[in-house]
Amino acid sequence: MIILGFESSCDETGVAVVCTERGLLSHALHSQIEMHQDYGGVVPELASRDHIQRVLPLTQEALDGAGLAFSDVDAIAYTAGPGLAGALLVGASVAQSMAWARDLPAIAIHHLEGHLLSPLLAQPAPEFPFVALLVSGGHTQLMRVDGVGQYTLLGETLDDAAGEAFDKSAKLMGLGYPGGPALSRLAEQGNAAAYDLPRPMLHSKDLDFSFSGLKTAVLTRMKNLQADVSIDFPAARANLAAATEAAIVDVLAAKSLKAMKQTGLKRLVVAGGVGANRHLRAQLQSEMARRGGEVFFPPLSLCTDNGAMIAFAAAQRVKAGLVDLDASRSHAFTVRPRWPLDEI
Ligand code: KG4
Ligand code: ZN
């Protein structure tokens, strides 16, 4: 079965073609980062309008990349939530219209399930069961994954997401949007040991996270740096970036290892935009290897939002028998800007 998938929950328009037997055939992506940069964050109305303009050319690009025509498509998948309501509605209505035009099933996909299953697109792919660390701009969760559609929440952030901690700290340091990659780049020139930043809830017994205190600590350090004329500001800022990255990564790694211990599982999967962070990858790789476990990441290009993970999640759900293909032809639809993963 050939599935055409759409992602439009935030600031990336992604379209992909996945075959249930052969896997990912092609994907096309447009990032709106440049457009939102002047505003220091995503402007929802601009995001929706841009999705409208990009989605059809990207669909053509994805079909061309797979060497297929629209008439070859057997089902259509789209992100139904969580995300920005207007942005979600663009992908959902385009997907449903296309499905209606050819009487195809339209499959609503949870954005986080897309991230969660994206490491299965890598070689070698992890086998079930595994623990997943889901770290994006809006979410930080540890899940136990026993199979497609079988997700148990082990812990989550009580305030900011890890990506948000990167983005907000980067903003305080005067770096651009999105801050995660910029902060990480600057951190490479700094010395993490120069500042001792808090690692909130590092030793708490549960698997929850909290990052808002870290942001306050970064704010205080930044103010001190700006007021101190005797220091080399660029070098000090690079040190602060390195210390911030180390604090976030230490907490993510420690809680992931605690989840491995609690569940007794040996495989850890990292998904979501922050999964692109080199430091996090290296730290988890060495610590998991030391404990005789394995860690899996999606291909770097598929860490942040993309259509491939949505089409792929739909393919996995179809193969697992979780999609009622006849009911998916009704074409009445809604989007869910807030949608807990355990409600799918
Ligand atoms: O999964 P994603 O593309 O979008 C959401 O669903 O939120 O994640 C975006 C987040 C942003 O907060 C961004 O700053 C962060 O992922 N991010 C990174 C890196 N690349 C993206 N954070 C740290 N280091 C990176 N290399
Ligand atoms: Zn995402």
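The first residue of the sequence shown is numbered 1, and numbering continues consecutively from there.
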- Query: Step by step, would you call Lys258 with Asp206 a salt bridge (Lys or Arg N to Asp or Glu O under 4.0 Å)?
  - Reply: CA-CA 9 Å; Lys258 195 174 276 183; Asp206 52 36; over 6 Å; no

- Query: Centre of Tyr195's six-membered ring, under 6.0 Å away, within 45 degrees of the axis: is that where NZ or CZ of Arg221 sits?
  - Reply: no

- Backbone N or O of Arg49 within a donor-acceptor pair of the His51 side chain at under 3.5 Å? no

- Message: Does atom CD (Glu343) have a neighbourhood of more than 12 heavy atoms from anything else shown, all under 6.0 Å?
- Response: yes

- Would you find more than 12 non-hydrogen atoms of other residues, nucleotides or ligands less than 6.0 Å from Lys255 atom NZ? yes

- Smallest separation among heavy atoms of Leu29 and Asp305, with atom names: CD1-O, 3.5 Å

- Task: Decide if atom CG of Asp228 counts as having more than 12 heavy atoms of other residues, nucleotides or ligands within a radius under 6.0 Å.
- Result: yes

- Please state whether the rings of Phe128 and Phe130 are parallel, tilted or perpendicular, taking 30° and 60° as the class boundaries. parallel

- Note on the structure: Correct closest heavy-atom pair for Gln226 and Phe233 would be CG-CE1, 4.1 Å

- Message: Do Ser8 and Tyr78 have side chains that approach each other closer than 4.5 Å (heavy atoms only, starting at C-beta)?
- Response: no

- Query: Is the backbone of Leu257 close enough, under 3.5 Å, to the side chain of Arg291 for a donor and an acceptor to pair up by distance?
  - Reply: no

- Task: Indicate yes or no for a side-chain donor-acceptor contact from Asp74 to the backbone of Ile2 under 3.5 Å, with no hydrogens or angles considered.
- Result: yes

- Return the minimal non-hydrogen interatomic distance between Val42 and His36, and the atom names on each side. CA-ND1, 3.6 Å

- Might you work through the side chain to side chain contact (heavy atoms under 4.5 Å, CB included) test for Asp159 and Phe211, ending with a clear yes or no? CA-CA 7 Å; Asp159 40 58; Phe211 290 106; 4.3 Å; yes

- Item | Spacing of Asp250 atom CG and Leu197 atom CG [to the nearest 0.5 Å] | 10.5 Å

- Message: Minimum heavy-atom separation for Ala271 and His115, please, with both atom names.
- Response: CB-O, 2.9 Å

- Mark yes or no for whether Asn239, through its side chain, and Gly190, through its backbone, hold a donor-acceptor pair below 3.5 Å. no

- Message: In the structure I gave you, are the side-chain heavy atoms of Glu156 and Met143 within less than 4.5 Å of one another anywhere?
- Response: no

- Item | Donor-acceptor pair, side chain of Asp208 and main chain of Thr157, under 3.5 angstrom | no

- Do Val94 and Val335 belong to the same hydrophobic cluster, where Ile, Leu, Val, Met, Phe, Trp and Tyr are linked whenever their side-chain heavy atoms lie under 4.5 Å apart, directly or via other members? yes

- Distance-only, no hydrogens or angles: does the Arg338 side chain make a donor-acceptor pair with backbone N or O of Pro82 under 3.5 Å? no

- Report yes or no: does Arg317 contribute a side-chain atom to a donor-acceptor pair with the main-chain N or O of Ile107 at less than 3.5 Å? no

- From Leu268 CG over to Met288 CE, what is the distance, rounded to the nearest 0.5 angstrom? 5.0 Å

- Query: Taking all non-hydrogen atoms of both residues, which atom of Val251 and which atom of Pro200 are closest, and how far apart?
  - Reply: CG1-O, 3.9 Å

- Hey, does the side chain of His139 reach the backbone of Leu134 with a donor-acceptor pair shorter than 3.5 angstrom? no

- Would you tell me whether His111 and Glu7 have side-chain atoms, one donor and one acceptor, within less than 3.5 Å of each other? yes

- Message: Ignoring hydrogens, what is the shortest heavy-atom contact between Met98 and Thr59? Give both atom names and the distance.
- Response: CE-CG2, 3.9 Å

- Whether over 12 other heavy atoms sit under 6.0 Å from Arg278 CZ: no

- Query: Under 3.5 Å, is there a donor-acceptor pair linking the side chains of Asp160 and Ser212?
  - Reply: no

- Query: Regarding His30 and Thr13, is there a side-chain donor-to-acceptor distance under 3.5 Å anywhere?
  - Reply: no

